[in-house]
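Would you mind keeping the following structure in view while I ask a few things?
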Amino acid sequence: MQHTGGNMGSEGITPRDEDYSQWYIDICTKAELADYSAVKGCMVIRPNGYAIWEKMQRALDDMFKATGHRNAYFPLFVPKSFLSREAEHVEGFAKECAVVTHYRLMNAPDGSGIVVDPSAKLEEELIVRPTSETIIWSMYKKWIQSYRDLPLLLNQWANVVRWEMRTRLFLRTTEFLWQEGHTAHASSEDAEAEALRILEVYRRFAEEWLALPVLVGRKTESEKFAGAQHTYCIEAMMQDGKALQAGTSHHLGQNFAKAFDVTFQTETGTREYVYATSWGVSTRLIGALIMAHSDDHGLVLPPRMADIQAVIVPIFKKQAELQAIQEAVGRRADSWRDAFSFQMDDRDTVTPGFKFADWELKGTPVRIEIGPRDLAKGQAVVVRRDLERGQEGHKTFVPLDEIVAHVPRTLDTIQRNLFDRALAFRTAHTYDVDTYDEMKARIEEAPGFFRAFFDGSAEDEARIKAETGATVRCIPFGDQGERGTCFLTGRATNQRVIFAKAY
RNA sequence: CGGGGUGUAGCGCAGGGGGAGCGCGCUUGGUUCGGGACCAAGAGGUCGGAGGUUCAAAUCCUCUCACCCCGACCA
């Protein structure tokens, strides 16, 4: 199949149990979150999708500011020479960098179209940033002289490019949007505290805003960011039991300071390399949101992520009936607007039934139906997106004057229910395993998180990945200390890890 | 980079040497409207591109381009 999308409606959504991967694509395209662009591996984020990103940006940005960070913007282009300064770091990205070699086009001499002007070759080639560590650290070298300049706490909202072999809408695209924080500190302890502070910001954001329960922990040596001393992460479970890394925070130690020769003078007059962190989340979170909550009818948005939290569907035959409904809503619009965001769908070109399905597809958390019969009784029908038709609580009759209080409560209930549901799903799909054979036997028919004592080497991890497809997603905090025996080597260990197949 | 698939109307597809079609959507008019309405009349295409075979190519041959999906690799 080629480009999907268009005006098909949710009738065309592939059920999850039939083809999870196709279901995901259907949600993205039919809910008009994204569309394929002319460039392979690149996507267009449509208004419905971008609205979600804007919600994420707003919430996260406020949290970054509240923890003392400021925004800045660094250039898209990085001189090629910068990338050779940090060999370990380069290793991770060199194979997927886009390179700018020329700066001008011209008409082809033979009139066949536009060609690259061979005389406009760049002296030094430019890399399109796959991440901004190098360009940022080249500036930090100029800006940091003294311990008084520290800590330096910057974040940037930007696009980056990684030339991936295999792409997937939102989850892995050639170009994507993200935020990248880059901080510099006077001590290792400060950098460590910063990395953990941000990890906690990410956890709170995921759980409180995205209604996405996450495991918080540390990456193993083989899974950590090349160039980091260690990497922390939040990991979420999708509805197919696969893990998705939803955010990372790195303690970079002095690696980048040494690569870019960034030193500062201490209080006692000595000179020391600065300590660093970096951290980021991307538009991938939109993919996480979709795969955590949505169903076979379409997108399901947590209320705090919904641009339109409630849609009002008027039921009417005659214009006079519509007018009466509009007046009833109009009288209360200001107070409603203060309590929740809503939109009236008063199109007279489609039937109410079509609107119901349409707004469900788009993920709107609450639907308020108002018809002549309701109006006569001074009530409305409030319908929850998170419950199936016929389920207890799906539909409620609410007096119009109580909508202002009822809807916000319902939104809170939905937000909480989505989280609880996702957490219950994760719990039900998390398995304690004592032996490697046990995991091997179960992982195919029961995808999920496998919790095991493990102290194997990077080679052991590679072998497990080759044999089962599973990797160590994280070493969760608060799950350590207990003694056990490694499920592979049989050695005594207190390290408990989560194995899972991952996106 | 391997494997698979697809390029024909906005979307989904059929057609396989001689009139470019169907469904949905779109436009206009009318009847409808509490779970994806109906009738009628319309608009809309260099059949991905190039070359070849032929009296004649969407269709056969050669080459090419592009995108999608699955895998390896990676956020």
Side-chain angles (χ1 to χ4, degrees), chain A residues 1-14 19-22 24-26 29-30 32 35-43 91-96 112 130-131 160-174 176-178 180 219 222-226 231 233-236 243-248 250 279-285 287-288 297-298 313-319 321-322 325 346-361 367 369-375 380-381 383 389-390 394-395 397 462 465-466 469 471 473 502-503:
Chain A
M1 74 176 298
Q2 211 190 340
H3 292 181
T4 49
N7 311 320
M8 283 280 294
S10 68
E11 290 164 302
I13 290 186
T14 306
D19 184 346
Y20 191 80
S21 174
Q22 188 58 47
Y24 175 77
I25 293 164
D26 288 347
T29 54
K30 304 215 156 106
E32 297 177 357
D35 204 349
Y36 296 99
S37 79
V39 182
K40 179 191 170 107
C42 291
M43 68 186 284
E91 199 146 328
F93 297 116
K95 293 172 298 226
E96 48 194 43
S112 61
T131 176
V160 288
V161 168
R162 296 179 190 174
W163 218 265
E164 299 285 353
M165 297 312 267
R166 175 117 164 67
T167 56
R168 215 147 144 43
L169 293 173
F170 290 114
L171 299 178
R172 183 170 299 109
T173 47
T174 300
F176 59 92
L177 306 182
W178 76 347
E180 47 181 326
K219 286 292 191 188
S222 52
E223 291 282 329
K224 82 170 173 60
F225 174 58
T231 292
C233 63
I234 53 172
E235 292 280 334
L244 188 137
Q245 180 176 300
T248 53
H250 313 288
W279 29 274
V281 299
S282 72
T283 36
R284 169 175 246 220
L285 284 176
H297 305 296
V313 178
I315 315 291
F316 62 97
K317 293 184 176 66
K318 307 186 198 70
Q319 280 302 310
E321 288 170 336
L322 173 60
I325 295 163
D346 54 10
R347 286 179 288 179
D348 59 3
T349 50
V350 290
T351 60
F354 180 91
K355 293 177 187 176
F356 297 167
D358 194 38
W359 289 96
E360 277 165 11
L361 170 62
R367 177 173 77 239
E369 304 170 16
I370 309 176
R373 296 205 298 270
D374 296 312
L375 218 48
V381 184
V383 184
R389 230 193 291 184
H394 177 244
K395 273 191 185 187
F397 296 92
K465 183 178 182 186
T471 49
R473 298 323 302 155
Y503 277 100

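Order of the sequence lines fixes the chain letters, A, B, ..., with proteins taken first and strands second; residue numbering starts at 1 for each chain. Note that these values count all heavy atoms, side chains included, but never hydrogens, waters or copies made by symmetry.
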- Answer yes or no on whether A/R284 is positioned over the face of A/F176, meaning its NZ or CZ is under 6.0 Å from the six-membered ring centre and within 45° of the axis.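 No, cation not above the ring by the 6.0 Å, 45° rule.
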
- Message: Using every non-hydrogen atom in the two residues, find where A/K219 and A/R473 come nearest and quote the distance to one decimal.
- Response: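 The pair with the smallest heavy-atom distance is NZ-O, 2.8 Å.
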
- Expressed in whole Å, how much space separates the C1' atoms belonging to B/G17 and B/C60?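 One C1' to the other, the span is 8 Å.
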
- Task: Please work out if A/V381 contacts a base, only the sugar-phosphate, or nothing of the nucleic acid, heavy-atom cut-off 4.0 Å.
- Result: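 Base: the residue A/V381, judged by heavy atoms under 4.0 Å, touches a nucleobase.
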
- Would you confirm whether A/T471, through its side chain, and A/K465, through its main-chain N or O, come within 3.5 Å as a donor-acceptor pair?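 Such a contact is absent between A/T471 side chain and A/K465 backbone.
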
- Task: Measure the distance from CD on A/E369 to C1' on B/G34 and round it to the nearest whole Å.
- Result: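 So the two atoms are 7 Å apart, to the nearest Å.
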
- Message: Can you measure A/R389 atom CZ to B/G35 atom P for me and round it to whole angstrom units?
- Response: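 One finds 8 Å between P of B/G35 and CZ of A/R389, rounded.
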
- Item | side chain to side chain contact (heavy atoms under 4.5 Å, CB included) partners of A/A380, counting only residues at least two apart |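 Scan of A/A380 (side chain to side chain contact (heavy atoms under 4.5 Å, CB included), adjacent residues dropped) gives A/I368, A/I370, A/L400, A/I403.
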
Is there any protein nitrogen or oxygen under 3.5 Å from a nitrogen or oxygen in nucleotides 41-47 of chain B, and what are the pairs?
none

- Message: Any side-chain to backbone donor/acceptor pair from A/E321 onto A/K317? Under 3.5 Å, distance only.
- Response: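 Confirmed, A/E321 side chain pairs with A/K317 backbone.
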
- Message: Distance check, P atoms only: B/U46 and B/U31, in whole angstrom units.
- Response: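 These two P atoms come out 37 Å apart once rounded.
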
Using a cut-off of under 3.5 Å, enumerate the N/O to N/O pairs linking the protein to nucleotides 28-32 of chain B.
none

- Message: Rounded at 0.5 Å granularity, tell me how far CD1 in A/I315 sits from CG in A/L322.
- Response: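 Rounded to the nearest 0.5 Å, the CD1-CG separation comes out at 11.0 Å.
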
- Heavy atoms only: give me the nearest A/T231-A/F225 pair and the separation to one decimal.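 For A/T231 versus A/F225, the nearest heavy atoms are OG1-N, 3.0 Å.
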
- Item | Integer angstrom distance from the P of B/A56 to that of B/G2 |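 Here B/A56 and B/G2 have their P atoms 39 Å from each other.
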
- Of all the heavy-atom pairs spanning A/C42 and A/S37, show the shortest one and how long it is.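 Looking at all heavy atoms of both residues, the shortest contact is O-OG, 3.1 Å.
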
- Item | Atom of A/L361, atom of A/K30 and distance for their closest heavy-atom approach |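 In this case the closest contact between A/L361 and A/K30 is CD2-O, 3.4 Å.
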
- When rounded to the nearest Å, what value does the distance between P atoms of B/C38 and B/G25 take?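 So the two P atoms sit 8 Å from each other.
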
- Please tell me which of A/P372 and A/C42 maps to the more 5' nucleotide of RNA chain B, matching each residue to the nucleotide holding its nearest heavy atom.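 Here A/P372 is the residue nearer the 5' end.
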
- Item | Test item: A/K355 side-chain N/O and A/R347 main-chain N/O as donor-acceptor pair under 3.5 Å |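 Checked: pair present.
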
- Item | B/G34 and B/C69, which share atom name C1', separated by this distance in whole Å |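 After rounding to an integer number of Å, I get 41 Å for this pair.
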
- Test item: A/R162 side-chain N/O and A/P130 main-chain N/O as donor-acceptor pair under 3.5 Å: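 Yes; at least one donor-acceptor contact below 3.5 Å.
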
- Message: Work out how far the C1' atom of B/G45 is from that of B/C61, and round it to whole angstrom.
- Response: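 Here B/G45 and B/C61 have their C1' atoms 25 Å from each other.
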
- Determine the Euclidean distance between corresponding P atoms of B/U6 and B/C74; express it in Å to zero decimal places.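 So the two P atoms sit 31 Å from each other.
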
- Can you tell me if the side-chain N/O atoms of A/Y36 get under 4.0 Å from OP1 or OP2 in B/C11?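 Answer is no, no contact under 4.0 Å.
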
- Task: Look at the side chain of A/Y24 and the backbone N and O of A/L169, then say whether any donor-acceptor pair between them is shorter than 3.5 Å.
- Result: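 At least one qualifying donor-acceptor pair exists.
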
- Can you tell me how far C1' of B/G10 sits from CD of A/E32, to the nearest Å?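 The answer, rounded to whole Å, is 12 Å.
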
- Does A/T174 offer a backbone N or O that forms a donor-acceptor pair with the side chain of A/T167 under 3.5 Å?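 Between the backbone of A/T174 and the side chain of A/T167 there is no qualifying donor-acceptor contact (under 3.5 Å).
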
- Item | Any residue meeting side-chain hydrogen bond (donor to acceptor under 3.5 Å, both in side chains) with A/D374, in chain and number order, not counting sequence neighbours |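 Counting only residues at least two positions away or on another chain, A/D374 forms a side-chain hydrogen bond (donor to acceptor under 3.5 Å, both in side chains) with A/Q379.
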
- Figure out the CG/C1' separation between A/D26 and B/C68, and round it to whole Å.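 Atom-to-atom, A/D26 to B/C68, this comes out as 13 Å.
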
- Task: Mind calculating the distance between CD1 (A/I370) and C1' (B/G35) to the nearest angstrom?
- Result: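 Roughly 17 Å, once rounded to whole Å.
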
- Message: Taking the C1' atom in each of B/G44 and B/G10, what is the distance between them to the nearest angstrom?
- Response: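 Roughly 9 Å separates the two C1' atoms.
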
- So which one's nearest nucleotide on RNA chain B is more toward 5', A/K318 or A/D358?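 With A/D358 and A/K318 compared, the 5'-side residue is A/K318.
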
- Between B/G35, B/G34, B/C68, spot the one nearest the side chain of A/K40, thanks.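 Among the listed nucleotides, the one closest to the side chain of A/K40 is B/C68.
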
- Item | Length of the NE2-C1' vector between A/H394 and B/G35, whole Å |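 Spelled out: NE2 on A/H394 to C1' on B/G35 is 10 Å.
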
- Nearest whole angstrom, please: distance from the P of B/C69 to the OH of A/Y24.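 Interatomic distance, OH of A/Y24 to P of B/C69: 11 Å.
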
- Using a 4.0 Å heavy-atom cut-off across all strands, classify A/R367 as base, sugar-phosphate, or nothing.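 Counting heavy atoms under 4.0 Å across all strands, the contact made by A/R367 includes a base.
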
- Message: Looking at every non-hydrogen atom in both residues, tell me the closest pair between A/A246 and A/V281 and how far apart they are.
- Response: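 Looks like O-CG1, 3.5 Å.
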
- Task: Please test A/W359 against A/R367 for side-chain contact (heavy atoms from CB on, under 4.5 Å), starting from the C-alpha separation and ending with a verdict.
- Result: CA-CA 8 Å; A/W359 289 96; A/R367 177 173 77 239; 5.7 Å; no

- Heavy atoms under 4.0 Å is the rule here; annotate nucleotides 70-75 of chain B 5' to 3' with B where the base is hit, S where only the sugar-phosphate is, and - elsewhere. BBBSBB

- Donor-acceptor pair under 3.5 Å: do we get one between A/E360's side chain and the base of B/G35?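 Answer is yes: a donor-acceptor pair is held.
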
- Query: Rounded to whole angstrom units, what separation is found between the CD1 atom of A/I325 and the C1' atom of B/C33?
  - Reply: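 Rounded to the whole Å, the gap is 11 Å.
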
- Query: For RNA chain B, what string of dots and brackets results from 5' to 3' when Watson-Crick and G-U pairs need both distances under 3.5 Å, crossing pairs get [ ], and pairs with another strand get |?
  - Reply: ((((((((.[[[[.)..(..]]]].((((((.....)))))).....[[[[[..)....]]]]])))))))....

- Query: NA contact type, A/G469, heavy-atom cut-off 4.0 Å: base, sugar-phosphate, or nothing?
  - Reply: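 The residue A/G469 makes no contact with any strand.
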
